[in-house]
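One structure is given below, encoded as structure tokens.
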Amino acid sequence: MTATAPIIRVMTPATSANLGSGFDSLGMALSLYNVFTVTELLPKGEFRSDVIGEGARELTSADSNLVVQSYIDACRMWNVEGQGFGIVSHNVIPLCRGLGSSAGAVVAGVLIADSLCRVGASETDLLRMMTRIEGHPDNVAPCYLGGMTVSAWDGQDLRYVRFPSLPGDMHVVVAVPDVRVRTKDAREALPNKVEFGDAVFNLGRAALLTAAWAAGRWDLLSWGMDDRLHQQYRARLFPGGDVIMDRVRGIPGCLGVAISGSGPSVIALVKGKPRLVAEAMCATFSEYGVDSLFFVLEGNADGARIETRIDARA
Ligand code: HSE
């Protein structure tokens with residue numbers, strides 16, 4: 001093999017899925033990033049993986065690297081011959097905390113497959129592939145597109161609309177407890193059936209949230225992000241989960257609060273000073289015996305970014 005120094009770099013934002021009422025359909029991109037760099041081309045089937053930061057101790061092989069596995073899946077489903085590569089992941093997004101780190105890895109793997117194998121997939125085809133691999137669209141869509149996205153997935157096909165990110169005077173406070181919740185467990189905690197009244201409740205709230213976002217009616221977020229489908233069950237999966245959202249709802253400037261994705265992080269959309277909200281969240285986790293950290297973030301408008309420089313082909 002004579003390939004030399006291809007460089008592909010993909011930067012993926014963290015995401016917060018559901019936004020309360022929009023289970024499996026709404027999500028927003030956040031200003032916190034992982035960066036994946038393909039540093040060398042290798043023969044088909046050979047991969048090398050180095051992880052720096054989050055997951056460095058556990059994601060030690062290419063077999064456990066979700067970017068590599070998503071690349072392999074995408075190549076197989078596109079029916080293209082994908083060669084191997086070496087990749088360095090700089091991970092900042094906490095793992096298994098409901099901030100879309102897995103979705104970001106899927107987005108990166110699909111974008112690398114599209115670029116390296118010269119698939120030339122459209123935006124919709126890329127998102128469809130990302131959703132097939134991830135299983136639901138509400139993290140991959142905002143990760144890839146940025147802003148806030150509304151997506152509907154029928155298991156084969158996808159329809160979506162992207163909305164702009166939050167205005168500049170709004171922050172996203174994310175409190176991250178030092179406990180992990182696997183999405184699989186958080187999904188298993190949900191009931192098989194829901195009351196008709198609860199379904200109607202969420203329908204109204206998710207529709208209101210989407211309309212409020214489109215109209216810039218940020219005063220409606222607290223109603224729009226309310227939920228009766230999933231958060232009450234998931235709040236039991238982490239210490240303080242039952243009380244934390246009620247503790248911050250009344251703080252001045254806190255416009256809406258939700259479990260981020262499948263948890264256990266909690267997000268608040270805040271206008272004005274975010275500090276009081278962040279402190280109240282972390283104080284609640286401390287009260288329940290859990291360490292936590294917080295991020296004060298902005299909405300991300302641009303989504304995933306890919307830079308490629310392929311000097312020579314194998
Ligand atoms: N919508 C998904 C869930 C997001 O809440 O289970 C998790 O990745």
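Everything numeric here is computed off the predicted structure, so don't read it as measured data. Read the numbers this way: they start at 1 and go in the same order the structure lists the ligands and their atoms.
- Residue Asn139 has at least one heavy-atom neighbour below 4.0 Å for each of these atoms of ligand 1: 4 (C), 7 (C), 8 (O).
- In this structure, Ser70 OG and Arg132 CZ are separated by 13.0 Å, a value rounded to the nearest 0.5 Å.
- Electrostatic pairing of Arg48 and Asp50 does not count as a salt bridge here, judged by no charged N lying under 4.0 Å from a carboxylate O.
- With ligand atoms numbered from 1 in the order given, ligand 1 contributes 1 (N), 3 (C), 5 (O) to contacts under 4.0 Å with heavy atoms of Asn18.
- For the pair Phe238 and Tyr288, the minimum side-chain heavy-atom distance is 4.5 Å or more.
- Enclosure of atom CG in Asp219 by more than 12 non-hydrogen atoms of other residues, nucleotides or ligands within 6.0 angstrom is indicated.
- Between the side chain of Asn91 and the main chain of Asn34, no donor-acceptor pair closer than 3.5 Å is present.
- By the criterion of a heavy-atom distance under 4.0 Å, both the backbone and the side chain of Asp24 are placed next to ligand 1.
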Which atom pairs, donor and acceptor, lie under 3.5 Å between side-chain atoms of residues 256-263 and protein residues at least two apart or in another chain?
| residue | atom | partner | partner atom | Å |
| --- | --- | --- | --- | --- |
| Ser260 | OG | Ser16 | OG | 2.8 |
| Ser260 | OG | Gly98 | O | 2.7 |
| Ser262 | OG | Thr183 | OG1 | 3.1 |

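- Shortest contact from atom 6 (O) of ligand 1 to any protein heavy atom: Arg187 NH1, 2.6 Å.
- Ligand 1 lies within reach of Arg234, whose nearest heavy atom is under 4.0 Å from it.
- Per-residue contacts place Asp138 under 4.0 angstrom from the following atoms of ligand 1 (heavy atoms of the residue considered): 1 (N), 2 (C), 4 (C).
- Under 4.0 Å from ligand 1, not a single heavy atom of His230 appears.
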